[in-house]
Amino acid sequence: MNIHEYQAKQVLKEFGAPVAAGVPILSADDVEGAIEALPGPLYVVKSQIHAGGRGKGKFKELPDDAKGGVRLAFSPDEVRTHVKEMLGNTLVTKQTGPAGKQVNRLYLEDGADIDRELYLSILVDRETSKVSFVASTEGGMDIEAVAEETPEKIHTIAIDPLTGITDGDVTKLNEAFLLEGAAAEDGKLLFPKLYKAFVEKDMSLLEVNPLIVMKDGHLRVLDAKVSFDNNALFRHPDIMELRDETEEDAKEIEASKHDLAYIALDGDIGCMVNGAGLAMATMDIIKLYGASPANFLDVGGGASKEKVTAAFKIITSDPNVKGILVNIFGGIMRCDVIAEGVVAAVKEVGLEVPLVVRLEGTNVQKGKQIINESGLNVIAADDLDDAAQKIVKAVKG
Ligand code: ADP
Ligand code: MG
């Protein structure tokens, strides 16, 4: 689960990280209060969407030369003008895709006097199986470009889970950022706080881009992107309250209500599979035969008729779906139960696109018989390879 920048900063502030004073603006009524609460004269108006690259983003509704999604303002009047232009409009950034995201919330923040912009993130490094810091002096801009063009400027510091972050790790981070004096003293305090926040709140990503050295020599968290491990959210009711459903895919929200592991993708073949591994393999083989999956979906080991129906509704609600592939291995589940579920779901939801069903495992013959005798326009497949070829052919002609 992702949260907004202003919420992430609030969480980090609770752990003692230095952030600027700021006030969220949820509607035009909040503007005057926000201006009064901040000292000025420099303000920053920041679009709150679950995507980065806002500063360089463009508003769809505004002319091409209009300012982006993060704007400096040198007077209260300028703040008012920016808020009017930004709130409710659609911001397109490198991370939103061409459709962009509607800006429903803004964050008015105290402006900082920036000397240097650094990049810091904390994530779980799968290679070392350790929580790791990624540090670079090249913050504020596109870190992917830095990684590609000057990889030597990116330092990875893995933290031993038994000791937690050590003085040695902190020294390495200070060196990676070339911090000295007051900034290095700030670093000694800040890095352990960020590590603590990451571990205690079960984050999967904490990205501060930029972390800044201010003209007065001190550090400040200027941008914050935080993602949480969904499987651990039950331990954090305070974090769950920060969820903003308007930022999430409607199909994914519906799927989570039915306990379905669903992720929307941008291809045209809807997939209904049991087991995450089989679901991945199904997406791979669709790609192999030249098409793209519209989603990842694992209906789970004990897929009931109700679950299968819900899954069908979600898949068919996606206007990009031009065909559906059902790929079920009946291990604990019996194929005849699955077949009954599929037939019932198709009868209830209707079917306007080709449907290929591949069943394997317990009671497979019975299952196939149910499909064949259903009278529905279902294309039966023998194995995964056959199923993938049939659905790609049905969609591409
Ligand atoms: P994004 O990464 O989505 O573009 P950021 O929060 O990183 O958004 O802001 C983009 C840039 O705007 C920063 O790199 C920084 O130069 C500037 N900026 C952001 N917040 C402030 C602030 N409070 N004071 C001064 N400059 C800021
Ligand atoms: Mg940023």
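When reading the values below, keep in mind they use all heavy atoms of this one structure, side chains included, and skip hydrogens, waters and symmetry mates. Atoms within each ligand, like the ligands themselves, are counted from 1 in listed order. Note that the coordinates shown come from a computational prediction; the quantities given were computed from them, not determined experimentally.
- Contacts classified as salt bridge (charged side-chain N to carboxylate O under 4.0 Å, His left out) and involving residues 76-93 (residues at least two apart or in different chains) are given here: Glu32-Arg80, Arg71-Glu85, Asp77-Arg80.
- Taking the Mg ion (ligand 2) as reference, Asp223 places its N/O/S atom OD2 nearest.
- Taken together through direct or relayed side-chain contacts under 4.5 Å among Ile, Leu, Val, Met, Phe, Trp and Tyr, Leu123 and Val199 form parts of separate hydrophobic clusters.
- For Glu180, there are no side-chain contact (heavy atoms from CB on, under 4.5 Å) partners, not counting sequence neighbours.
- A salt bridge (charged side-chain N to carboxylate O under 4.0 Å, His left out) check over residues 112-134, counting only residues at least two apart or in different chains, returns nothing.
- Using a 4.0 Å cut-off between charged nitrogen and carboxylate oxygen, Lys313 and Glu254 do not count as a salt-bridge pair.
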Between ligand 1 and the protein, give all atom pairs where both partners are nitrogen or oxygen and the distance is under 3.5 Å, as lines of names plus distance to 0.1 Å.
residue: ligand 1; atom: 2 (O); partner: Asp223; partner atom: OD2; Å: 3.1
residue: ligand 1; atom: 3 (O); partner: Gly53; partner atom: N; Å: 3.3
residue: ligand 1; atom: 3 (O); partner: Arg54; partner atom: N; Å: 2.8
residue: ligand 1; atom: 3 (O); partner: Arg54; partner atom: NE; Å: 2.7
residue: ligand 1; atom: 3 (O); partner: Arg54; partner atom: NH2; Å: 3.4
residue: ligand 1; atom: 4 (O); partner: Arg54; partner atom: N; Å: 3.2
residue: ligand 1; atom: 4 (O); partner: Gly55; partner atom: N; Å: 2.7
residue: ligand 1; atom: 6 (O); partner: Lys46; partner atom: NZ; Å: 2.7
residue: ligand 1; atom: 6 (O); partner: Arg54; partner atom: NH2; Å: 3.1
residue: ligand 1; atom: 6 (O); partner: Asp223; partner atom: OD2; Å: 3.4
residue: ligand 1; atom: 7 (O); partner: Asn209; partner atom: O; Å: 3.2
residue: ligand 1; atom: 7 (O); partner: Asp223; partner atom: OD2; Å: 3.0
residue: ligand 1; atom: 8 (O); partner: Arg54; partner atom: NH2; Å: 3.0
residue: ligand 1; atom: 14 (O); partner: Glu117; partner atom: OE1; Å: 2.8
residue: ligand 1; atom: 16 (O); partner: Glu117; partner atom: OE2; Å: 2.6
residue: ligand 1; atom: 20 (N); partner: Lys46; partner atom: NZ; Å: 3.2
residue: ligand 1; atom: 23 (N); partner: Glu109; partner atom: OE1; Å: 2.7
residue: ligand 1; atom: 23 (N); partner: Asp110; partner atom: O; Å: 3.2
residue: ligand 1; atom: 24 (N); partner: Ala112; partner atom: N; Å: 2.9

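- Residue Phe191 forms a ring pair (Phe, Tyr, Trp, His ring centres under 6.0 Å) with just one option from Phe198, Phe15, Phe177, and that option is Phe177.
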